[in-house]
Amino acid sequence: MVPRRERSTRSVISNLVSGATAGAVAKSTIAPFDRAKIVFQVSSKRTFTYKKCAQFLINTVRNHGFFHLWKGNSATMMRIIPYAAISYMGNEHYKDYFKRHNPEGKLSHSRRFLSGSMAGLSASFSTYGLEVLRARMAIQSEYKKIGQSLSHIIKTEGVSSLYRGITPTLIGVSVYGGFSFYVFGTLKQIHPLCPGEELTIPVPCAVRALAGLCGQSIAYPLDVARRRMQTGGIKGDHLERYSTMRKTITHIVLNEGVKKGLYKGLSLNFVKGPIAASISYTVFDLCQPFHSRGGEPLGVLQLCDAR
């Protein structure tokens, strides 16, 4: 018989491998939409419509080739494994910590939310440099390789530029991450057809997609703000406008409005979000026979949501 600790270790590794694979496949599938969204988010002159988004994708293929739609996706792929590990392990660690400090050994709703938030914060902060790099590579033609792009940014702007926009990111992740883990963890306890830790893939796929879209809609203005701050100073924009979160949001609202500025491109999430969630859970489920079934893929599959 395999010792309990060994089974637990195998389960963690299995979920990390399966989840990282699912994240890579899902994020690669929607990468063209992600790139299009970033291009519209960072521009104060572009207004978003589905027609303009489609035209951008078509022009990209015509002028640069089909695979240019995936420009910058390599940075996302590099981010998936460390983000997955930190997020998954972090959520489990924080939940265990709160359980140990509860006389009844139970996890309250507020502490489940807090566990997810702290896990998301830890993972986002640790891998944030690659997130900035991904945004830069998506919109700047001179950035083609990860090493060259990273070296150029550090030499010309300093290491601190890799953390530009970290404030709205952490605030958004704390809300979104906590919401995601909270909904899924609560559902596992109350779902009548799936008691305990067992929950079939179609159920969490649908619920997580809906929960993710709700969370993203709430935090979306912060997503736009962080993109502007990440890419501030390029494409003709003045860096001073986007030097702080307050200045960034104020400038966007005054010059572009709330709907056309802070929520620019939000509707694209309603297209790519369900696609990413469906693919991620399908791939995760397919990978499980090669490892071991069961487990909670949330910490890994957060990457697949339409953020």
Side-chain angles (χ1 to χ4, degrees), residues 34 37-44 72 75-76 78-79 82-83 86-87 90-91 94 113-140 149-150 153-154 156-182 212 214-235 237-266 269 299 302-303 305-307:
D34 274 337
K37 189 181 77 167
I38 291 174
V39 168
F40 280 94
Q41 281 181 325
V42 302
S43 175
S44 58
T76 300
M78 283 188 65
R79 181 174 175 249
Y83 187 101
I86 296 170
S87 185
N91 185 52
Y94 295 131
F113 181 92
L114 188 59
S115 296
S117 295
M118 293 172 68
L121 287 171
S122 301
S124 294
F125 184 82
S126 302
T127 61
Y128 189 73
L130 290 170
E131 178 67 17
V132 174
L133 189 62
R134 191 267 184 273
R136 294 294 188 92
M137 292 179 71
I139 66 172
Q140 291 184 272
S149 303
L150 184 62
I153 292 174
I154 292 176
T156 58
E157 303 175 48
V159 176
S160 61
S161 63
L162 293 176
Y163 285 88
R164 188 180 296 160
I166 188 69
T167 301
T169 298
L170 294 182
I171 295 174
V173 165
S174 64
V175 174
Y176 172 73
F179 189 81
S180 298
F181 280 114
Y182 171 80
C214 292
Q216 291 153 20
S217 298
I218 294 172
Y220 195 79
L222 295 171
D223 189 43
V224 174
R226 73 177 178 127
R227 291 301 187 192
R228 293 291 178 94
M229 294 176 72
Q230 286 173 350
T231 59
I234 60 178
K235 294 294 182 182
D237 286 325
H238 298 287
L239 179 59
E240 180 60 26
R241 293 175 180 173
Y242 308 124
S243 58
T244 67
M245 183 177 72
R246 182 180 62 82
K247 287 183 178 180
T248 300
I249 293 177
T250 300
H251 177 77
I252 293 174
V253 171
L254 292 178
N255 291 274
E256 302 170 53
V258 175
K259 182 179 179 181
K260 294 183 177 180
L262 292 180
Y263 286 91
K264 182 186 294 184
L266 173 62
N269 279 6
Q302 258 189 301
L303 272 175
D305 291 316
R307 279 187 56 77

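Starting from 1, each residue takes its place in the sequence as its number. These numbers come from the heavy atoms of this one structure, side chains and all, not from hydrogens, waters or symmetry mates.
Taking CZ from Phe125 and CG from Leu170, the interatomic distance works out to 7.5 Å, rounded to the nearest 0.5 Å. To the nearest 0.5 Å, atoms CG (Leu121) and OG1 (Thr169) are separated by 10.5 Å. One finds the CG atom of Leu266 at 4.5 Å from the OG atom of Ser217 (value rounded to the nearest 0.5 Å). Summarising the geometry, atom OG1 belonging to Thr76 is positioned 9.0 Å from atom CE belonging to Met137; distances are rounded to the nearest 0.5 Å. With rounding to the nearest 0.5 angstrom, the OG1 atom of Thr244 is 12.0 Å from the NE2 atom of His251. Going from atom CG of Leu150 over to atom CE of Met78 covers 8.5 Å, rounded to the nearest 0.5 Å.
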Worksheet entry | Derivation of the side-chain contact (heavy atoms from CB on, under 4.5 Å) call for Leu162 and Ile154 | CA-CA 8 Å; Leu162 293 176; Ile154 292 176; 4.1 Å; yes

Practice prompt. Give the intermediate values and the outcome of side-chain contact (heavy atoms from CB on, under 4.5 Å) for residues Tyr83 and Ser126.
Written response: CA-CA 8 Å; Tyr83 187 101; Ser126 302; over 6 Å; no

Worksheet entry | Verdict with supporting geometry, Ile153 and Gln140, side-chain contact (heavy atoms from CB on, under 4.5 Å) | CA-CA 12 Å; Ile153 292 174; Gln140 291 184 272; 6.0 Å; no

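Without hydrogens or angle criteria, Arg228 side chain to Gly165 main chain gives no donor-acceptor distance under 3.5 Å. Ser43 places no side-chain N or O within 3.5 Å of a backbone atom of Val39 that could act as its donor or acceptor partner. In this structure, Ser161 contributes its side chain and Gly158 its backbone to a donor-acceptor pair below 3.5 Å. A side-chain donor-acceptor contact under 3.5 Å links Tyr220 to the backbone of Lys264.
Closest heavy-atom contact between Val224 and Gly261: CG1-O, 3.6 Å. The minimum heavy-atom distance between Ser122 and Ile86, with the atom names listed, is C-CG2, 3.8 Å. When all heavy atoms of Ala135 and Arg227 are compared, the pair lying nearest together is CB-NH1, 3.6 Å. Annotation for Asp34 and Arg134: closest pair CB-NH2, 3.8 Å, computed over non-hydrogen atoms.
Among the candidates Glu131, Met245, Gln41, the single residue satisfying the side-chain contact (heavy atoms from CB on, under 4.5 Å) test with Arg226 is Glu131. Among the candidates Val42, Ile249, Thr248, the single residue satisfying the side-chain contact (heavy atoms from CB on, under 4.5 Å) test with Tyr242 is Thr248. Checked against Tyr128 for a side chain to side chain donor-acceptor pair (under 3.5 Å), the options Arg164, Gln230, Arg79 give a single hit: Gln230.
Residues Pro168 and Met229 have side chains in contact (heavy-atom distance under 4.5 Å, counting atoms from C-beta outward).
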